[in-house]
Amino acid sequence: MSGSKQRMREKKLSKQPASVQYTSSPFSSSQSGGSWNGMETPKSGHSSSSYGASPGGPSDRGGWVRGHQKDGGAYEEELPKFITAAAFAVARASEVQAMLKAVTKETGSCHVSGAIPNHMRRRAMSHNTKRLPCRLREVATRMREKGLKAGPKKKEQPKSKSRKARRRHGNLLLEFNRRQRKNVWLETHIWHAKRFHMLKKWGYCLGDRPTAKCYRACYRAMSHHCLLQDLSYYCCIELQGDEDKLLACLSQLTSKDTGPTFAAVLALSGRTQGSATVYRAGQYPSQPLGPVTFLWRPRTPGSSHRQLWIWAHPTLKQNLFPELQSVCQCREPVIPAVALVVTPAEPGPSASKPGPRQAKKSPGAKRKRSAGDGEAPPEKKIVGDGTRPPSAPVTWTSASTGIVINDLTMEVVRYRLIGPQSHTVLTEALEAATDCDALSQAQASPLWWPQHCKDQAQMTLHRQQAEVFQTLKGVCSTGEVPPGTVLGLNVEDPRLALPQKRTQALSVVSADQDIDETTRELMLRGVPEHCCQSSLWDRFVRDNVTDNKLSEQPTCGWVQSRRHRISQCVTPQEINRRKREVLVPGSRLRPTPPQSRVPVLMVQQPGKQVGQEMSGWGAGWDLLLPKGWGMAFWVPLVYRGVRIGGLKMSLKHSQNKGAPYFPHDFPDCPAGICFQGEQEAELLNKFKRRPPAKRTNYIKHGCLAPFRCPWQQLVEEWELITSEAPEVGSSSGGDEERRGQSGVDPGWRPRPATVVQSGFSVLRNRKSLKLLSNWCRPTTAKGQRSLRARDQAPLDAASGAALLAAHVRALAWVRLSLLSKGRPELHAQVCVATQEDLQRLGDKKEAYSGPLEHPHKDRFKNMVKGDKKGGKKGGKKGGKKASPVPKSSTTLPTPEAPDPHPDSPLALAACSLPAAAGQTSASPSCLPAPAEGPSSSSAASPANLVLGLWPEPLPSVTAHCSRVTLGWVTQGDFSLSAGCGEALGLVSLEGLVHTLMAQPAERRGLVLLRNPSALHYRWAKINLEA
Amino acid sequence: MVRVKSRYLLCEINISVPSNRLLLEDKPIFSAVKDAVASMHGDYGAAQCSIGFSVKYVNALTGIMLIRCPKSSYRLIWSALPFVTSVEHKGRKIPFFLNCLHVGVAGGGELHSGTIRTCQKFLVRYNTQQLHRMLPQCKTTDEKTHVRRAILSSSTKMLKGKEHKEERD
């Protein structure tokens, strides 16, 4: 009970009468002589009954004894022999008084408001006592006075400004600018923050998932209509220079083995967007950095000067940017002021300039600033990167190669529309820009569009682009356009044609309609090369458009660039004012103001390109805009009935598409390693937050590392397994042998401390992947045909060995789809099925859903609890040795020869311990791991132990369970597109090839999948697509 | 939240030897009642009244006591009350019997006492009534003045007036 409650209770009980009784004292028969009625007066006069002491006494002393008089309230030993009426009457009277006192007291809480029934209480009663009934008013006033006295000194007034003042536009902007100094806000931040769970990630504030329940609706939008995402956090790096020199520099970063590089013909022409995997310069196939997409600006006739945009994930950019700088030898930073001289208006980075000065202002500063107040220029809305100091260089040049590197992070807004109706949404929301009228063409204007209109060549290009854009309407699905198609366009401000209500953009064509010629042309050949040109590439145009945007809100910033604006008599809130004045609400605003033309780029994003089913799923368009125009395009797009997705939805998108997601699925890249570390810490933290009794005991489930994937250990162990079983390839039915050996060999051994973290790599060689992809398929009718058709090397020992020799310590990225029930989770184990499992699966009589893992014993439980280690562990060890070998049926008890691998540390350990060796020979399947486990773990102090988690160092990861581990799942979920559980994971290449070789041809590619918190293995099919 | 419901029994203690009256205490009475319930209703009854059963108030001078018992089993206790015949004091048995004055009976209108307050109110009424009855039976004038004074002091008005006096002091 808290202190206040206790006090309340005491107060309540103080009014209650206590028992009146003599304390227990030995009864003495001595007569009392003094008292006239024979009753004794208590010794202490204070607070004791004085009923019979004197005739005049009782009434004015209260006549009442309360409870046991523990201290000094003892009575005389003698008790009266008889009672007199007077004394009795007095006792009665005092009791009545006590009872009256108890009864007349108000019940319930001591607050005045508690004294009246619920339905009569009013909110303002504490404020205005006149609202209370008369009888309570006095008390209430007294309490209120008391409260007022204590009030002012307690109230600290944390916020000096009223809410109204805080929400005033200028102050709000100030607050927003302060808050985005640490993490960059996207332009749609406020919109997202109202509707999304926000995450601070990679230096940005990003929406993770909507607060509304719309997971399925978003999936439906992706597969049937359109899902919109803000991908502006992707970093754009601009490279300018001679084409040959650029390609020469960039070729060091990529390899042709992994697919098209920066020099791919279609991409180089600027017609399509390309994608590549970037490695550290000259380091292929080790040290990958990650995947990038890139966009070349179409060639300008007669010039070899090219412009290239490389789009990379923010975590990738940290590594990529220095690499690019060193490759291009661009070490000389250009001071921003020099670089930005060309732009007439204020450049982006300087937008955050007034920030610190404004922050110093006292909160009570006067609200309105006089117009001529030069000291404090009004704060501007931050457009672009607010965290970067204005003096930081964004441009680097090279004297030797002439290449210029520009960091365009947050300079270009990128929206992604996913879904078959994306083009419909775009064609409905956007409208090709109209020409300028002759009058404005004639006069010189600081705006870019009138000048653009003067150039006839530009205008013909614009008309052609507009035509192509119109033909887009005739396309049935976004996936029908050639992948990566780029279309440049100048559009009108979409706010001008904003519908009054949110509508659903619907396609005008249906699938059975025949397609006209121009549309077919577009679908087959894509956009003609010259139409890929856009003014968005031009820095001058970008800045001009950004600075001259018509504002919706009263920006204080317009004062600063007064020199442009006042000349055109454009007031703030122009758009809203004109909307109000329009005759038919919701109709288009005309005429178009001269500022309202924006150059944009549209890039088609290919959908699912791998696998046979659902091809083209998840295709969409990326919309590239100049910065500052984000919200102007966002809301009109939203009004066309799209769904908005966050980071989580983009993960699901790539999962359904069957594409690896950066950085989750790139464990060999620095960003991926970093991500894994973060994820482990996060999951461990989440795990530790649960009460110990409610935690999953992963040791019992035989899961060694539920929160991370020890890839390094996996590839090393598989290397060991294969190196010691060279004959495996030759024998077709060698699974048994291999299994038997694999159980023994990899055993636990301390990892060498010198191992580099990424001593493994993910297989990205296209040829090898294609080969492997064919091997993975079961050689039934369809697969066999494709095998023959492609004329690939069949799966045999020689080709397998060749593949493995080419890729040492490699992981293969695979897609797993479950055959029956089950929903794979993060870090589920991919395991090799034994012969027996496969036979049982083939058996028609029983529906075999997969084998079960026997529960393991948690030997660390006692150590966690911290009681005596030594004695218990010995017993436990013995018990463990016998217990975990129920799978002797699956493995042949091959007597272990001491010298097939004399150099193996395990064999040495086995020899040195006779007892262990004896045990090993009895059941060789997986003993070494448990036998070694406890002795190694004794090094780990109990303080580091967490109940249910294996302590470092881990025992053998491959041989820990009854089925040999191949790899782990990096993402897994029920796939709404496939209708079954689907997972993306990585497996050891060596393990995969050996497993495939050991499997019968018709059951090739079947593996077992087990979740970290389950004991049931489920059948899954490996799909490896290249 | 569910409220714990209870009943209160207001009993009068009748002791044949008046001098023993002052030996009354709550704990012996409590165990005496409990023993009676156990003997009448067995272990079941004893267990039923072990929760929430307590002697709230004992007045040794006037011989009034208040028992609180759970609403579900107050009948068990009530029915066992006549069988409470003696209370133990220092190893000595003091014979007495209980006379139930007021019981909370569900739906019993006036008698219903779900709270200790109704018992207290009843006790006030009962006591004043008893005092009024005593007055005509007084033999000496001295006694009469005492009883009269007691009646006066027990009236509500007197109480209030006295409180005011105290406050003024």
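Convention: sequence-line order gives letters A, B, ...; per-chain numbering from 1.
- Per-residue heavy-atom pair counts under 4.5 Å with chain A were compared for Leu66(B), Val55(B), Thr140(B), Val124(B), and the maximum is reached by Val124(B).
- Scanning both residues, Ala89(A) and Val147(B), for their nearest heavy atoms gives CB-CG2, 3.7 Å.
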Worksheet item: Does the side-chain contact (heavy atoms from CB on, under 4.5 Å) test come out yes or no for Phe122(B) and Met99(A), once each step is laid out?
Response: CA-CA 9 Å; Phe122(B) 174 81; Met99(A) 289 298 160; over 6 Å; no
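- Residue contact with chain A, scored on non-hydrogen atoms closer than 4.5 Å, is absent for Lys144(B).
- Evaluated for a side chain to side chain contact (heavy atoms under 4.5 Å, CB included) with Val96(A), the options Asn127(B), Ile151(B), Thr62(B) yield exactly one hit, Asn127(B).
- For Glu95(A) and Tyr57(B), the side-chain atoms include at least one donor-acceptor pair closer than 3.5 Å.
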